[in-house]
Amino acid sequence: MSIKIDKEVLEKFTCYTPLKAPEGMKKEEQMKLFYRMKLIREFDTTVKDLWMENKIYGLAHSYVAAEAIAVGTCFALKPDDAITSTHRGHGHVIAKGGDVKKMMAELFGKYEGYNHGKGGSMHIADVPHGMLGATGIVGSGMPLAVGSALAADRLGTGNVTICFHGDGGTNQGVWHESINMAAAWNLPVIFVLENNQMAIGTELKSVSKEVELYKRAAGYGIPGVQVDGFNVFAVYKAVKKAVDRARNGEGPSLIEAKFLRLLGHFVADDQWYRDLKAVEPFWKLDPISRMKDYLLENKIAAAKEIERVEKDITKEILDAVNYAANECTEPSVETLYDNIYADGEIIK
Ligand SMILES: Cc1ncc(C[n+]2csc(CCOP(=O)(O)OP(=O)(O)O)c2C)c(N)n1
């Protein structure tokens, strides 16, 4: 039985589109999309619990509710393509094929983590997988993505770069400068705007008169589209089109994936600033429940098959926690000053 979405939600969320796989997308591919989204969900739900139990260090921002965006986007990429991230980077790393054990070890502050335990959630980078790095500075991924696209263009690699960023970043000067430069130089970069309509406790509509952010693309002479950011297929289709365009030398695009942040800004945010009753009905748009429902309803997968995938994911995350907590080592004092300067290498 498909999920019924309240009229009140549909009236407020006008970019809603029902799930429909692209023509010819195989079952294994659809299951992979589900698996990746669910893995992100389980990872971030576990991170929240661990943070509350004081078992991990530093701040963590959950990617819950945004899973369709990273997964749909990265599914349109080749392994050599690059992405830049934000302070909410766990979903981006997993979607780009990163290692959950190394991520968990990083959050536990262990040497085996992506940054040898010194970066934490907001600095995870996985350059071999094309993930150029998370960053705590809002908007700062924009020029990095443009630089990466410039390198691909000059070296003729044929690779594209995706720049994930939030609506809060769109009123930073660097957002405009980066898009303008990418457009002027016709670079192979796609700006994927994760519009969750909030920047911590600030609603988008209170800081932007025009809230349909994709329209800004016209000001730079590039294509801009808006998609249902809770719909993994819709995101994939829009990004694939933009990626093909960029690879073909036709330059950048802006894709606004609109959704709503369903949880707090960071793991321990009690959200005193908004009416949580108004948020509750939007859980019906949850990208993962909708995808599960779609797979079952269209007989793409049987309930047992999905249960097996879910069990495997739970085990994968438990193994990652066990690895990070019990098998990894604390960084030694001698390594304190390592990796501050690149010294010709990205990481030792
Ligand atoms: C340059 C800068 N200004 C302010 C902050 C504080 N800050 C951290 S996250 C955030 C909100 C970002 O909102 P958005 O870009 O929409 O991303 P979201 O958290 O909603 O995913 C702000 C203002 C910061 N980290 N960097």
Side-chain angles (χ1 to χ4, degrees), residues 13 15 37 40-41 43-45 47-48 51 58-74 83-95 119-124 131 133-146 162-179 190-214 216 226-230 235 254-274 276 278-279 282 285-287:
F13 192 70
C15 58
M37 287 199 289
I40 295 172
R41 175 69 53 96
F43 184 89
D44 264 357
T45 309
V47 163
K48 182 174 178 175
W51 199 89
L59 211 51
H61 302 80
S62 158
Y63 203 70
V64 167
E67 295 92 344
I69 305 176
V71 172
T73 297
C74 290
I83 63 170
T84 64
S85 178
T86 64
H87 52 287
R88 207 175 286 290
H90 303 164
H92 304 141
V93 182
I94 293 176
S121 168
M122 275 188 281
H123 303 99
I124 294 177
M131 158 61 178
T135 165
I137 311 297
V138 172
S140 65
M142 298 287 291
L144 293 185
V146 176
I162 299 286
C163 177
F164 291 106
H165 62 283
D167 48 288
T170 61
N171 286 333
Q172 290 277 53
V174 73
W175 188 87
H176 300 269
E177 293 168 47
S178 301
I179 297 190
I190 295 102
F191 300 97
V192 175
L193 163 49
E194 300 176 333
N195 182 3
N196 65 11
Q197 305 176 59
M198 300 287 297
I200 312 185
T202 303
E203 282 185 82
L204 174 65
K205 63 182 182 213
S206 66
V207 289
S208 288
K209 176 109 178 174
E210 176 53 84
V211 292
E212 305 292 345
L213 296 173
Y214 73 97
R216 290 188 184 183
Q226 186 183 60
V227 289
D228 176 353
F230 286 119
V235 173
L254 172 66
I255 295 172
E256 179 194 351
K258 193 165 180 175
F259 68 118
L260 183 70
R261 202 187 74 212
L262 299 179
L263 295 182
H265 172 67
F266 73 109
V267 283
D269 177 7
D270 64 6
Q271 305 183 70
W272 57 269
Y273 46 79
R274 69 171 173 172
L276 290 178
V279 174
F282 283 82
L285 294 169
D286 172 25

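Order of appearance sets the numbers: ligands from 1, and atoms from 1 within every ligand. Please read these numbers as outputs of a predicted model, since none were measured by experiment.
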Item checked: For His265, atoms of ligand 1 separated by under 4.0 Å from a heavy atom -> 9 (S), 19 (O)

Next item on the list: Indicate the atoms forming the closest heavy-atom contact of Thr135 with Ser140, along with that distance.
Entry: OG1-OG, 2.8 Å

Notebook entry, point to check: Is the shortest heavy-atom distance from the side chain of Gln271 to the side chain of His265 under 4.5 Å?
Noted result: no

Margin query: Under a plain distance cut-off of 3.5 Å, with no hydrogens placed, do Gln197 and Glu203 share a side-chain donor-acceptor pair?
Written below: no

Next item on the list: Number the atoms of ligand 1 from 1 as they appear, then name those within less than 4.0 Å of a heavy atom of Met198, with their elements.
Entry: 16 (O), 20 (O)

Next item on the list: Please examine the side chains of Leu262 and Val64, heavy atoms only from C-beta on, and report whether any two atoms are closer than 4.5 Å.
Entry: no

Margin query: Suppose we measure from atom 16 (O) of ligand 1 to each protein heavy atom; which comes out shortest, and what is that distance?
Written below: Gly168 N, 2.6 Å

Note to self: I'd like to check which ligand 1 atoms, numbered from 1 as shown, lie under 4.0 Å from a non-hydrogen atom of Gly169.
What the structure shows: 15 (O)

Note to self: Quick one about His90 and Ser121 (side-chain donor to acceptor, distance below 3.5 Å, no hydrogens or angles considered), yes or no?
What the structure shows: yes

Checklist line | ligand 1 N/O within reach of Gln172 N/O, cut-off under 3.5 Å | finding: no

Margin query: For atom 5 (C) of ligand 1, what's the nearest protein heavy-atom neighbour? Residue, atom name and distance, please.
Written below: Val138 CG2, 4.0 Å

Note to self: Among all protein heavy atoms in this structure, tell me which lies nearest to atom 25 (N) of ligand 1, with the distance rounded to 0.1 Å.
What the structure shows: Gly136 O, 2.7 Å

Item checked: Non-hydrogen side-chain atoms of Leu193 and His165 separated by less than 4.5 Å -> yes

Notebook entry, point to check: Side chain, backbone, both or neither: which part of His61 comes within less than 4.0 Å of ligand 1 when only heavy atoms are counted?
Noted result: neither

Check: Phe13 versus Asp228: any side-chain heavy-atom pair under 4.5 Å?
Finding: yes

Margin query: Just to confirm my output: which protein heavy-atom neighbour is closest to atom 23 (C) of ligand 1, and how far is it?
Written below: Ile200 CD1, 4.0 Å

Next item on the list: Give the numbers and elements of all ligand 1 atoms closer than 4.0 Å to a heavy atom of Asp167.
Entry: 16 (O)

Notebook entry, point to check: Is it true that Arg274 and Asp269 make a salt bridge, defined as a side-chain N closer than 4.0 Å to a carboxylate O?
Noted result: no

Next item on the list: Do me a favour and list the nearest non-hydrogen protein atom to atom 17 (O) of ligand 1 with residue, atom name and distance?
Entry: His87 CE1, 3.5 Å

Margin query: For ligand 1, which is the ligand I care about here, please tell me if Arg261 has any N or O atom under 3.5 Å from one of the ligand's N or O atoms.
Written below: no

Margin query: With respect to Ala199, determine whether any N or O atom, backbone or side chain, lies less than 3.5 Å from an N or O atom of ligand 1.
Written below: no

Notebook entry, point to check: Hey, is atom 11 (C) of ligand 1 under 4.0 Å from any protein heavy atom?
Noted result: yes

Check: Are the side chain of Asn196 and the backbone of Ala66 linked by a donor-acceptor contact shorter than 3.5 Å?
Finding: no

Check: Tell me, which protein residue and heavy-atom name are nearest atom 21 (O) of ligand 1, and how many Å apart are they?
Finding: Arg88 NE, 2.8 Å

Item checked: Lys258 side chain near Tyr214 side chain, heavy-atom distance below 4.5 Å -> no

Margin query: Show the atoms of ligand 1 that are less than 4.0 angstrom away from any heavy atom in Asn196.
Written below: 18 (P), 20 (O), 21 (O)

